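Contents: one structure, followed by commentary.
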Number of protein chains: 2
Amino acid sequence: MADRDIRVLVVEDEAIAAEAHTAYLGRLTGFVHAGTAGDGHSALRALAAAVAAGQPIDLVLMDMTLPDLHGLDVSRRMRAAGLTTDIIAITAVRELHIVRGAVAAGIVQYLIKPFSYATFAQKLVQYRDFRLHLGSQSAMTSQNDVDQAFASLRTPTELPRPKGLAESTLGAVIELLKLQTVPLSSSEVTEQLGISRVTARRYLEHLADTGLLDRSPRYGTPGRPENEYAWRR
Amino acid sequence: MADRDIRVLVVEDEAIAAEAHTAYLGRLTGFVHAGTAGDGHSALRALAAAVAAGQPIDLVLMDMTLPDLHGLDVSRRMRAAGLTTDIIAITAVRELHIVRGAVAAGIVQYLIKPFSYATFAQKLVQYRDFRLHLGSQSAMTSQNDVDQAFASLRTPTELPRPKGLAESTLGAVIELLKLQTVPLSSSEVTEQLGISRVTARRYLEHLADTGLLDRSPRYGTPGRPENEYAWRR
DNA sequence: CACGGTTGCGGTCATATTGGTCATGGCCGC
DNA sequence: GCGGCCATGACCAATATGACCGCAACCGTG
């Protein structure tokens, strides 16, 4: 399962958008464009046909606004038909109840239009990793294994800047770390920027929490291990 | 939505387990036990009745092994009936091949029996936070908002660890041993991870004591026999 | 065959150094 | 002048390390 390409069906009524999605797909390794459907009913037919042909679809890129059915309805009908095909929702609509319904319908990712190629790629790569995770182990032996698999669907998000962090200091820390080729510890940042260790640590921790920095302990020296931080590429 | 208690239906055929779950629920604020069902069909009836009574269920704690239907079937029927009720699956280890199906059925969390109260509480609190996240804003305004909402459902649990053991070091040791096909000695772990022998031994001993690793002496070389550790499958 | 010597890891301790928290103090806008 | 915001120093807690001793299996020599 994990070592063949992921067959993707694009469901999108606007031809230009559908072509754009298909083009984006082509730039990613591990994915194959397996067809395009312009409305809900033809999407369901295409899915059934793929199953009948012995080449089932693995993933649907589903626009939520379709001429005949709502994307959520299509998803529900897929579930009712017993399909476990994964779905990534694409929508311009940001209403809450849609998101709630999406979770219940087993939608794995949610893309808001308009999106850049980078965002698109990130979501799909994450999905690919999720499949690899599931495929690589024959059995999950612990709660932790399951949590890891679920976590691979999670996107690193930028948290809003919390109280206590100043814009300018944050910028300085980011600039410094972007220039480095090797990870820096909090005391090294302290030296370079002329700020206190406490302050440096506060900013580094925040950036690590939001996923902009990688954090890992530095072993080898006596004393408590020192965390080192690196700009994530 | 966010400011009233979350109504929970427990679906579990073994009375003792059902009572345990209910008792666990009682210890958490923000949740109300709204009933118990012993099999799939009565669960579906209870859900319909709650809707009819104007007090719909918000969350189902669903055991996967039920006398009449499989938990996944119950979930699919719920979706087919148009219910967007959220579901947390509870299952024993050997049924883990259905994780894929669970994701597609819109199951938000996955608990492996037997679980501690701490694990149970963490999953439910995560779910509560997810609802709060959604409830606090009238609309999702950005990709980032949606990502955060999804992320709050998908953060991994922390392994329980005594004082003196660091989360990241523990994770590194576990990951290293999971990758091995042959057992490793503490000095081999020392080399591979770049940590000291004392530290490696401390983590290996902890993992062996908690049953995650198998430990056995390695004979044949001069000197005191060396313990070797292997990930328990 | 027996018995002491050698060897290298098991186990423990004190030590080194950072992580993390709190109250304090300066600076800026109102 | 005053209140909020953010950096700081001081403090305690956490955790990896080196050193040290003892142990348990191999290895010679008698």
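Here the structure is a predicted model, which means the values were calculated and not measured. Chain A is the first sequence line, chain B the second, and so forth, proteins listed ahead of strands; every chain is numbered from 1.
Of the listed nucleotides (dT21(C), dG11(C), dC26(D)), dT21(C) has the atom at the smallest distance from the side chain of Val198(A). Listed nucleotides dT21(C), dG10(C), dA14(D) differ in distance to Arg201(A); the shortest reach to its side chain belongs to dT21(C). Which of dG9(D), dG19(C), dT17(D) sits closest to the side chain of Ser186(A) comes down to dG19(C). Proximity note for Thr199(A) (side chain, C-beta onward) versus dT17(D), dA16(D), dT8(D): the nearest is dT8(D). The side chain of Ile195(A) lies closest to dT8(D), out of dT8(D), dT17(C), dC23(D).
Looking only at side-chain heavy atoms (C-beta outward), Asp58(A) and Arg131(A) come within less than 4.5 Å of each other.
A ring-centre distance under 6.0 Å is not found for His21(A) and Tyr117(A).
Using a 4.0 Å heavy-atom criterion, one finds that Ser185(B) contacts no nucleic acid atom at all.
Summarising the local packing, CD1 of Ile16(B) is surrounded by 12 or fewer heavy atoms from other residues, nucleotides or ligands at distances under 6.0 Å.
Looking at which nucleotide of DNA chain C each of Gly223(A) and Asn227(A) is closest to, the 5′-most match is held by Gly223(A). For the pair Pro222(B) and Pro162(B), nearest-nucleotide mapping onto DNA chain D gives the more 5' position to Pro162(B).
One donor-acceptor pair, N or O on each side, does fall under 3.5 Å between the base of dG11(C) and the side chain of Arg197(B).
Glu226(A) and Tyr219(A) share no side-chain donor-acceptor pair at under 3.5 Å.
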